[in-house]
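Below: the structure, in structure tokens.
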Protein chains: 2
Amino acid sequence: MRCYSWNVNGIRAVARKGLLPWKQLPRADVFCLQETKAHVEQLDPEVSEPKGWHAYYSSSQRKGYSGVAIISRKEPDEVIEGLGVRKLDQEGRVLRARFGDLLVISAYFPKSQPEGPRFDYKLDFCRGLRRFLKKQVDAGLDVLLMGDYNIAHEPIDLARPKQNLKNPGFLPEERSWMTRFLKSGFHDVFRERNPDLDGAYSWWSYRFGVREKNIGWRIDYGTVNTALLGRVADAAIHPNIAGSDHCPVSVRLK
Amino acid sequence: MRCYSWNVNGIRAVARKGLLPWKQLPRADVFCLQETKAHVEQLDPEVSEPKGWHAYYSSSQRKGYSGVAIISRKEPDEVIEGLGVRKLDQEGRVLRARFGDLLVISAYFPKSQPEGPRFDYKLDFCRGLRRFLKKQVDAGLDVLLMGDYNIAHEPIDLARPKQNLKNPGFLPEERSWMTRFLKSGFHDVFRERNPDLDGAYSWWSYRFGVREKNIGWRIDYGTVNTALLGRVADAAIHPNIAGSDHCPVSVRLK
DNA sequence: CGTCCAATG
DNA sequence: CATTTGACG
């Protein structure tokens, strides 16, 4: 099962450009999308109901903001929006699809601020998500968490770590949540397989043409619980896929 | 002197499309533009200071809203913004350029509402403008008033008069102001020369592709005071000039 | 339907 | 720098 995570930065814009994920990545089995920025009613049928795929969207109340999707060839046994935590479920940031005892999750972590309410919200989201995942694993499910975590974990995960020590996405609290998360039975499969690989990024600012120079951040991940690790065949980043300021990342399960 | 009036619906958009007036209408001597929708600082130099032209802009306080311009080959002897009536001069709707004793005015009349404050404002503007023009003529100036009047005067001036009897732009009060204006020493030179010409419009809604079907309105005019009438060589409409939902209209003076 | 703004990223 | 909405036309 090839599973891709892609922050599309507006799925309507991606469609307009003819760069829909299933057109660019035809060998995929599942797409976990983030920042779809649309309600289902706003989408053309080719986007909301692509032929040969089952598509599920979860949107923010607020129009044009946030939003995630899971689009799979196989019909999931169950699809559920949110974490089941009211205050964390208002922004279309989590969607999960169960295939047997495998839970595939598309998550769009909030972007934090150096301080203030969005900083607190992001940490609440991180903690709430981890509790949720632990429960699912304890209940016997395997978990594949695909998404835009909006966190670069270690200095190797961004081109300019020193300049960004005080910037959202690389704040100490975000990084240490990630460390604890990865010590609590979840695995950043791309990094475990490529421990010293420099320049592997999934996001580049649109400004100053830095994508050409590969001045980017790795903030999109696929992580799995320990029991699932043995089924991971492959983990990859696809920097040449165009259409967004993020590129897709993938995990293949046997 | 060939003088064109064109509501450009955003001069930056027109520039982006490579459809600037002086590129499309090289034989012009003066352009009176409306709905420039920009402050001068927002314009590229090729728009704010086109080579071979003298350009003057008057903008609304509010960004991206309204705004008029006069762009002429010859340098005017004097250029003044507004009517000199505080409350009518806040929206960048009037700019005048004097060439000797000829006053060329670029005017963007407000769009009215069936009732409410914008209806009153439009009628105030109409009345204020007429008083102003009378003063100029009384002072010995000739006047060429080019602009988007946002009024279709008679049924012949729009494709669907019956459907629009209660719609802004064809309201009784607007039409009767126009009638009185044209009885008070001003002349709609295009209509006087083409009294029965149907289908001569200067604006078409962007919606439903009605421009192809020529379902439009004539709301852009060049009018002159009686003394100037003898110098009018020609009055025309240019429906094939693209770039806006309005087309240019022109008056040529001997 | 299209131009522009403001918020968000 | 790009994508959205919302106001306005």
Rounding to an integer number of Å, can you tell me how far [X] [atom1] sits from [N] [atom2]?
X        : N     : atom1 : atom2 : value
A:Ile215 : D:dC1 : CD1   : P     : 14 Å
A:His39  : D:dT4 : NE2   : C1'   : 12 Å
B:Glu212 : C:dC1 : CD    : P     : 12 Å
B:Trp204 : C:dG2 : CH2   : C1'   : 16 Å

Can you sort out the partners of [X] under side-chain contact (heavy atoms from CB on, under 4.5 Å), two or more places apart, ordered by chain and number?
X        : value
A:Asn9   : A:Asn7, A:Glu35, A:Lys37, A:Tyr206, A:Ser244, A:Asp245
A:Ser58  : A:Val68, A:Glu81, A:Leu95
A:Ile156 : A:Glu154, A:Arg191, A:Asp198
A:Asn214 : A:Tyr201, A:Trp204

With A:Asn167 via side chain to side chain donor-acceptor pair (under 3.5 Å) - residues at least two apart: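 With neighbours one apart ignored, the set is A:Asn164.
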Contact letters for nucleotides 3-9 of chain C, in which S counts primed atoms plus P, OP1 and OP2 and B counts the base, heavy atoms under 4.0 Å: BSS-SSB
Pair A:Tyr221 + A:His153: ring centers closer than 6.0 Å: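 Here the rings of A:His153 and A:Tyr221 have centres that are no less than 6.0 Å from each other.
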